[in-house]
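A short worksheet on the structure shown next.
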Amino acid sequence: MIVWLNGTHGAGKTTTSGLVQQLIPDSRVFDAEKVGETLMDVTPGLPATNNFQHWPPWRPLVVETARHILEYTGGTLVMPMTVLVEQYWREISAGLARHSIPVRHFVLHADQDTLRARIEGDTVLGPSTFRLAYLEPYAEAARTWLHSEAEVIDTTRLTPDQAAEQIACAVDK
């Protein structure tokens with residue numbers, strides 16, 4: 001099984017994924033961003049883009065990497081990864097379904113003011129114009145498709161531990 005933690009930057013995906021992994025037996029975290037980082041290392045570089053998810057190889061490589069990890073280890077993969085383009089989510093979820101891999105799709109949500117404050121106050125990564133630029137695309141995706149395709153966990157007033165507990169309890173049902 002895959003527990004996919006979606007949501008925009010600042011929602012708490014990375015922190016929460018590690019906590020969820022601790023609560024779900026036989027689970028491990030796989031950050032699909034590493035697939036994008038691998039594609040970014042191709043030389044000479046792939047066509048210019050502001051987001052590696054726009055490269056067509058990224059989506060099937062995420063599916064295949066997750067599939068191979070699960071075939072090798074079994075258990076559950078906890079995948080923290082923002083996907084705001086509906087077509088990309090459909091490609092990934094359909095690819096996983098073709099391999100009979102069940103997905104529990106969660107969106108970690110927070111209101112725009114909270115997200116902005118978290119991004120601007122991030123002491124690890126620091127403030128990021130890249131991360132801030134995704135606030136509006138996230139809001140648009142949430143309004144149009146994303147929240148209807150996932151289980152929404154509002155992290156505005158939750159600690160990461162509380163969010164992880166909600167997700168682990170939902171998965172356990």
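Keep in mind that this is a model prediction, so the values were computed, not measured. Just so it is clear, the values below take in all heavy atoms, side chains as well, and ignore hydrogens, waters and symmetry mates.
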So the salt bridge (charged side-chain N to carboxylate O under 4.0 Å, His left out) pairs with at least one residue in residues 75-84 (sequence neighbours excluded) are none
Arg157 CZ: over 12 foreign heavy atoms closer than 6.0 Å | no
Hphob cluster co-occupancy, Leu77 + Leu5, side-chain heavy atoms under 4.5 angstrom | no
Partners of Glu165 by side chain to side chain donor-acceptor pair (under 3.5 Å), sequence neighbours excluded?
-> none
Nearest heavy atoms of Val103 and Trp89, plus distance in Å = CG1-CH2, 4.2 Å
Residue pairs fulfilling side chain to side chain donor-acceptor pair (under 3.5 Å) with at least one residue in residues 102-112, sequence neighbours excluded = Asn6-His105, Arg104-Glu151, His109-Tyr138, Asp111-Thr114
Residue set satisfying side chain to side chain donor-acceptor pair (under 3.5 Å) with Arg98, at least two apart, ordered chain then number -> none
Apply ring-ring contact (aromatic ring centres under 6.0 Å, His included) to His68 and list each qualifying residue two or more places apart in sequence or on a separate chain.
-> none
Which residues share a side chain to side chain contact (heavy atoms under 4.5 Å, CB included) with Ser27, sequence neighbours left out | Gln21, Ile24, Thr76, Val78
Under 4.5 Å between side-chain heavy atoms, chaining through other members, with only Ile, Leu, Val, Met, Phe, Trp and Tyr counted: pull out the rest of the cluster around Leu23, sorted by chain and number.
-> none
With sequence neighbours excluded, residues passing side chain to side chain donor-acceptor pair (under 3.5 Å) with Thr156 = Asp154
Is there a donor in the side chain of Gln166 and an acceptor in the side chain of Gln162, or the other way round, less than 3.5 Å apart?
-> no
Quick one: side chains of residues 120-127, donor-acceptor pairs under 3.5 Å with protein atoms, not counting sequence neighbours, listed by atom name and distance.
from	atom 1	to	atom 2	distance (Å)
Asp122	OD1	Val124	N	2.7
Asp122	OD1	Leu125	N	2.8
Asp122	OD2	Arg131	NH1	3.0

Looking at residues at least two apart in the chain, or sitting in another chain, which of them share a side chain to side chain contact (heavy atoms under 4.5 Å, CB included) with Arg90?
-> Glu86, Glu149
Taking the hydrophobic residues Ile, Leu, Val, Met, Phe, Trp and Tyr, and joining any pair whose side-chain heavy atoms are under 4.5 Å apart, which ones share a cluster with Leu19?
-> none
Identify, with sequence neighbours excluded, every residue that meets side chain to side chain donor-acceptor pair (under 3.5 Å) alongside Gln22.
-> none
